[in-house]
Amino acid sequence: MSVYLFNTLTRSKEEFIPIENGKAKIYCCGPTVYNYQHIGNLRTFLFEDILKRVLMYNGFEVTHVMNITDVGHLVSDEDEGDDKMELGASREGKTVWEIAEYYTDVFKKDLQRLNILFPDVFCKATDYINEQISMIKCLEEKGFTYKTSDGIYYDTSKFPDYGKLAKLDLEGLRAGERVEFSDEKKNPSDFSVWKFSPKDKKRQMEWDSPWGVGFPGWHIECSAMSTKFLGNHFDIHCGGIDHIPVHHTNEIAQTEACTGEKFVNYWLHGEFLNMGDVKMSKSSGDFLTLQKLIEMKYDPMHYRYFLLSAHYSTKLKFTFEALDAAKSGYDRLLTNVLKIKNSVSEIKTTENTFKEHEKFKAFINDDLNIPRGLAQLQQVISSELSNEEKLFLIYEFDKILGFGFKDAEEKPKDDIDIPSEIITLVENRIEAKKNKDYKRADEIRNELKEKGFEVIDKKDGYEIKRL
RNA sequence: GGCGUGGUACCCAAGUGGCUUAAGGGAGCAGUCUGCAAAACUGCCAUUCAUCAGUUCGAAUCUGAUCCACGCCUCCA
């Protein structure tokens with residue numbers, strides 16, 4: 001069965017045909033580690049996780065590379081403003097290196113909590129400064145760069161297909177009122193590949209280069225590292241949809257100018273998660289993280305389920321109402337799965353499972369239609385299939401959905417400490433129930449409620465819940 | 001100003017010419033079960049897809065117009 005993917009380059013769904021038979025080489029733009037990743041950032045990483053799982057499921061040997069941007073880049077694509085890393089460092093009174101390490105660790109932890117498979121390679125921009133310098137040299141030799149007072153710039157007018165990915169209207173860009181650019185830039189779309197350190201102050205991160213002490217431009221790291229690990233020409237490059245007009249456009253310009261080869265065959269982009277009314281912006285400082293959701297008693301799987309209910313290429317509006325719906329939906333699903341797991345000792349494949357399995361594969365291979373796959377899981381669970389058949393399908397589907405059903409177990413009861421006063425009341429209620437004194441039992445139930453507790457009767461005892 | 005999306009039930013969200021008189025989840029309602037409650041389970045829940053016109057044997061899906069909402073071009077995934 002073939003995998004079909006929507007390619008931003010052609011704006012159409014195409015069959016995935018790898019460069020090297022049976023192998024898929026993927027590069028994903030990773031985080032800039034100057035702050036926590038917000039839940040919107042994580043949506044993109046989850047989309048990439050699904051892509052990888054689907055390719056692996058189809059038998060491709062996947063090589064997945066993700067960069068960690070730990071170099072300070074300026075807060076504007078127009079090469080102006082402050083350095084994000086240094087800003088983060090001064091905000092927290094740490095060195096930029098400490099900032100980078102801390103937020104990288106948090107990022108990885110978030111991925112783990114969401115059951116996102118790790119890339120084969122995490123590459124830090126600061127570990128590959130030489131590779132970046134080599135690429136700039138290459139561009140310089142081929143005449144694609146020029147020097148200004150603050151750095152080395154890429155001359156986009158020298159690259160014939162510049163802006164192809166984004167269908168950029170360069171004339172419109174020039175006429176656009178909002179694009180300001182320094183007098184020294186030859187074209188509004190030109191961008192820096194190397195920035196000189198400011199003369200008046202010492203940066204925490206800076207390196208020697210043939211052009212003077214400074215630091216690399218934002219886009220060059222991805223060009224340098226992706227080609228280092230995956231070759232000049234590889235299969236898939238992904239990232240958030242916001243990367244289309246600038247970052248990815250510039251990556252293509254740099255890399256193809258330097259190598260003279262086609263850079264990437266398939267460009268895939270994940271849509272944004274929009275907040276109900278708050279914009280999901282990092283600069284505002286007020287943004288939602290996975291950690292915050294966990295503190296609000298959501299399980300990372302609730303968030304995963306929420307994200308999987310929408311296709312990666314459509315905008316998804318985040319609201320707590322929607323997250324609560326996902327929470328209920330996931331909890332019920334998990335309960336059902338556990339019930340099935342506990343009722344059978346083995347899985348079974350039959351003609352029925354074959355049919356369902358084929359259907360599922362068709363969905364996920366059709367540009368990663370996970371919402372459809374998820375719907376099918378629900379249908380299978382409430383179908384007439386035997387539990388052995390269901391369990392087979394649950395495990396298969398879960399290889400893509402990634403809820404970890406194989407390892408899932410009954411949730412341990414919240415070991416919140418219950419005051420002894422409450423326990424006494426509950427014991428009294430049990431006693432009353434034994435004596436068929438249901439009036440008294442209900443009184444106690446109400447009393448507990450007033451004190452903020454709820455008792456749930458179980459076959460062999462009770463469970464106390466804090467309200 | 002440029003580029004690009006989308007408007008599907010109470011909410012989230014699939015579907016993009018006939019397989020669909022529109023998946024799935026949540027909420028709600030009714031019922032089964034339980035002394036009650038909770039959980040679980042069963043059933044019900046859009047003849048209709050922003051509006052108008054058109055193409056077609058056939059449209060939520062294509063075309064045009066209109067209205068509305070949103071994203072990016074500033075840092076963003």
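Sequence lines set the chain letters: A, B, ... in the order given, protein chains first and strands last, and positions in each chain run from 1. None of the values given here were measured: they were computed from a predicted structure.
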Is the NZ or CZ atom of A:Lys185 positioned over A:Tyr153's six-membered ring, under 6.0 angstrom from the centre and within 45° of the axis?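 No, A:Lys185 does not sit over the ring of A:Tyr153.
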Centroid-centroid under 6.0 Å between [X] and [Y] rings:
X        : Y        : value
A:Phe397 : A:Phe405 : no
A:His243 : A:Trp218 : yes
A:Phe234 : A:Phe263 : yes
A:Phe6   : A:Tyr4   : no
A:Tyr128 : A:Phe229 : yes

When all nucleic acid strands are considered with a 4.0 Å heavy-atom cut-off, which category describes [X]: base, sugar-phosphate, or nothing?
X        : result
A:Tyr305 : sugar-phosphate
A:Arg445 : base
A:Arg429 : base
A:Leu333 : nothing
A:His269 : nothing
A:Gly270 : nothing

In terms of the nearest nucleotide of RNA chain B, which residue is placed more toward the 5' end: A:Gln378 or A:Val455?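 Nearer the 5' end of the strand: A:Gln378.
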Closest-nucleotide mapping onto RNA chain B: is A:Ala441 or A:Pro245 further toward the 5' terminus? I mean the 5' end.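 Closer to the 5' end of RNA chain B: A:Ala441.
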Please evaluate the base of B:G15 for a donor-acceptor partner in the side chain of A:Asn369 within a cut-off of under 3.5 Å?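 Looking at the base of B:G15, it does not pair with any donor or acceptor on the side chain of A:Asn369 (distance under 3.5 Å).
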Side-chain donor-acceptor contact under 3.5 Å, A:Thr126 with A:Asp70: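 A:Asp70 and A:Thr126 do have a side-chain donor-acceptor pair below 3.5 Å.
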Both distances under 3.5 Å, Watson-Crick or G-U wobble: on that basis, could you give the dot-bracket string for RNA chain B, with [ ] for crossing pairs and | for other-strand partners? ((((((((.[[[..)..(.....]]].(((((.......))))).....[[[[[..)....]]]]])))))))....
[X], nearest nucleotide to its side chain (from [options]):
X        : options             : value
A:Gln379 : B:A23, B:G71, B:C12 : B:A23
A:Glu321 : B:C11, B:C72, B:C12 : B:C11
A:Lys315 : B:G4, B:G26, B:C76  : B:G4
A:Pro371 : B:G26, B:G71, B:A23 : B:A23
A:Lys339 : B:A40, B:G24, B:C36 : B:A40
A:Ser328 : B:C36, B:G26, B:C76 : B:G26
A:Arg11  : B:G4, B:A27, B:C12  : B:G4
A:Ala310 : B:A13, B:C72, B:C11 : B:A13
A:His38  : B:A27, B:C76, B:A40 : B:C76
A:Thr314 : B:G25, B:A14, B:U5  : B:A14

Could you state the atom-to-atom distance from [atom1] of [X] to [atom2] of [N] in whole Å?
X        : N     : atom1 : atom2 : result
A:Asp242 : B:G4  : CG    : C1'   : 13 Å
A:Lys327 : B:C12 : NZ    : C1'   : 17 Å
A:Phe318 : B:G71 : CZ    : P     : 17 Å
A:Leu448 : B:C36 : CG    : P     : 19 Å
A:Tyr330 : B:G24 : OH    : P     : 21 Å
A:Lys433 : B:A38 : NZ    : C1'   : 11 Å
A:Tyr312 : B:C12 : OH    : C1'   : 21 Å
A:Ile39  : B:C76 : CD1   : C1'   : 14 Å

Apply the side-chain contact (heavy atoms from CB on, under 4.5 Å) test between A:Glu14 and each candidate in A:Asn265, A:Asn7, A:Asp367, A:Leu9; give the one that qualifies.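 That would be A:Asn7.
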Sub-3.5 Å donor-acceptor pair from the side chain of A:Asn342 to the main-chain atoms of A:Leu338, do we have one?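 At least one qualifying donor-acceptor pair exists.
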Nearest-angstrom distance, [atom1] atom, [N] to [M]:
N     : M     : atom1 : result
B:U47 : B:A9  : C1'   : 13 Å
B:U16 : B:C52 : P     : 24 Å
B:U8  : B:C29 : P     : 25 Å
B:C57 : B:G43 : P     : 41 Å
B:A22 : B:U48 : C1'   : 8 Å
B:C62 : B:G18 : P     : 12 Å
B:C44 : B:U55 : P     : 39 Å
B:A46 : B:C10 : P     : 10 Å

With respect to the phosphate group of [N], does any side-chain polar atom (N or O) of [X] fall under 4.0 Å of OP1 or OP2?
X        : N     : answer
A:Ser382 : B:C41 : no
A:Arg332 : B:G25 : no
A:Asn336 : B:A40 : no
A:Arg372 : B:U16 : no

Would you indicate whether the side-chain heavy atoms of A:Tyr395 and A:Lys341 approach each other to under 4.5 Å?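 Yes, at least one pair of side-chain atoms sits under 4.5 Å.
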For the atom pair CD1 (A:Ile400) and CZ (A:Phe360), what is the distance rounded to the nearest 0.5 Å?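 It comes to 6.0 Å.
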